[in-house]
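For this chain, numbers begin at 1 and follow the sequence in order. In what follows, every heavy atom counts, from backbone to side chain, and hydrogens, waters and symmetry copies are set aside.
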Amino acid sequence: MTRRLPPLNALRAFEAAARLGRMTAAAEELSVTPGAISRQVRQLEQALGVPLFEGTKNKPQLTAAGASLRPALSAALDQMEAAVREVRSGEAGMLDVSCFSTFTVKWLIPRLYGFNALHPETEIRLSAAEQAADLDRGRHDLVITVAERGAQASATLLPLFVERLGPVMAPALAARADVRKPQDLAVLPLLHTRTRPDAWRTWCESRGASFPVQGGPAFEHYYFTLEAAVGGLGVCIAPWHLVMDDLRAGRLVAPLGFDESAYQYVALRRAGAHARLDSFCGWLQAQAREMPVP
């Protein structure tokens, strides 16, 4: 029996617009223009003979027909996506991985050659984000992010390692300053990161230190702050996993060591068996286990 369905692109456009509530958001998700979404929705309305949206273009509202169609359409598209993913679940192909930009540059990329050597048939496509991507709405297979200590392992959450923080600086600056206790840092320029503005205050509280931590240069991302520390511009509070390679190479020193913070790094993965994803998760956990402890 021949199926009589409207064009699939029109159904996808309507579902995305209905689920996200805005034509622009649907256009971004489907990598087309908002005008294309509007045209495809109109095409679907003409094919069905009923309006699916009402109200203004800026705040479209679903009609009764649109509200009735959306859940079944979303479920059908989810089922199609799961079936396609299952067919593609061999080792060959691409994995989409999202993580914080500095984590990508300073920790993941320097180790990724090891995975590529073991699994040359799998391509890892990295995307950087300052906030954890949403697995349910995004295209990512795996998201590496931060959670509070104590997050329990599950089929979709893989604990990696506990974060450790400590002050780091260039060797030349450390030689001049002769830092032996937290209070010795008070006379040095303190570097800050806008994505983590409370790093100095939190570290001082954990060490029972009391000195002014406001002021000093502030950088947009941790990567810039770390480069400023390497360049001798001051001292920054840094996670061990982001600076251990620089410490080993002698570009930075950590005169007061590192202390565990209230956070841990975790990997959030798509549910279900998936050969490429299973291999990458196993490799990622092995890298976390093998990471030296300061």
Side-chain angles (χ1 to χ4, degrees), residues 1-90 92-99 123-145 147 154-157 266-278 280:
M1 179 175 165
T2 303
R3 290 188 174 89
R4 301 179 60 187
L5 292 173
L8 181 58
N9 282 344
L11 292 170
R12 290 181 68 210
F14 164 73
E15 190 277 336
R19 171 169 44 83
L20 300 174
R22 292 185 297 117
M23 300 289 180
T24 53
E28 183 177 346
E29 179 174 284
L30 298 180
S31 300
V32 298
T33 65
I37 296 292
S38 297
R39 287 192 297 272
Q40 289 166 352
V41 169
R42 285 198 302 272
Q43 182 183 14
L44 181 60
E45 290 176 328
Q46 292 168 359
L48 298 177
V50 294
L52 299 173
F53 286 103
E54 58 188 1
T56 65
K57 290 184 178 180
N58 293 333
K59 291 185 178 181
Q61 301 294 321
L62 287 171
T63 63
S68 175
L69 178 61
R70 205 282 295 176
L73 195 53
S74 293
L77 289 171
D78 287 344
Q79 203 168 13
M80 290 170 62
E81 183 183 27
V84 170
R85 191 182 303 124
E86 184 66 26
V87 171
R88 290 176 175 171
S89 65
M94 182 180 294
L95 279 179
D96 281 297
V97 177
S98 173
C99 44
E123 179 183 353
I124 305 299
R125 182 165 61 183
L126 298 174
S127 60
E130 297 313 317
Q131 293 184 339
D134 189 338
L135 276 178
D136 293 330
R137 292 192 172 184
R139 58 175 171 78
H140 302 99
D141 299 295
L142 185 91
V143 175
I144 302 172
T145 186
S154 70
T156 56
L157 188 150
V266 300
L268 307 176
R269 58 160 290 168
R270 289 194 182 278
H274 189 299
R276 294 194 301 279
L277 186 54
D278 293 343
F280 186 76

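Nearest approach of Gly272 to Asp278, heavy atoms of both residues: O-OD1, 4.5 Å. Summarising the geometry of Thr24 relative to Pro34, their closest heavy-atom pair is CG2-CG, 4.0 Å, with the distance given to 0.1 Å. Heavy atoms only, all atoms of each residue included: Ala17 and Ile37 are closest at CB-CG2, 4.3 Å. Between Leu62 and Ala18 the shortest heavy-atom distance is CD2-CB, 3.8 Å.
Under a 3.5 Å cut-off, the side chain of Thr63 and the backbone N or O of Pro51 do form a donor-acceptor pair.
Arg39 pairs by the salt bridge (Lys or Arg N to Asp or Glu O under 4.0 Å) definition with nothing, not counting sequence neighbours. Residues passing the side-chain contact (heavy atoms from CB on, under 4.5 Å) test with Leu277 are Leu95, Asp141, Leu142, Arg269, Arg270, His274, Cys281, sequence neighbours excluded. The side-chain hydrogen bond (donor to acceptor under 3.5 Å, both in side chains) search around Ser68 returns none, not counting sequence neighbours. Take Arg42 and apply the side-chain hydrogen bond (donor to acceptor under 3.5 Å, both in side chains) test, not counting sequence neighbours, and it matches no residue. Shown here are the side-chain hydrogen bond (donor to acceptor under 3.5 Å, both in side chains) partners of Glu15, two or more places apart in sequence or in another chain: Arg19, Ser74.
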Audit row: Arg70, Leu73, side-chain contact (heavy atoms from CB on, under 4.5 Å) steps and yes/no: CA-CA 5 Å; Arg70 205 282 295 176; Leu73 195 53; 5.8 Å; no
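Leu11 contributes atom CG, which lies 7.5 Å from atom CG of Leu48 (distance to the nearest 0.5 angstrom). With rounding to the nearest 0.5 angstrom, the CG atom of Leu30 is 8.5 Å from the CG atom of Asn9. Atom CZ of residue Arg22 and atom CD of residue Glu29 lie 11.5 Å apart, to the nearest 0.5 angstrom. For the atom pair OG (Ser154) and CG (Leu268), the distance works out to 8.5 Å, reported to the nearest 0.5 Å.
Listed by first and then second residue, the ring-ring contact (aromatic ring centres under 6.0 Å, His included) pairs involving residues 8-56 are Phe14-Phe53 (not counting sequence neighbours).
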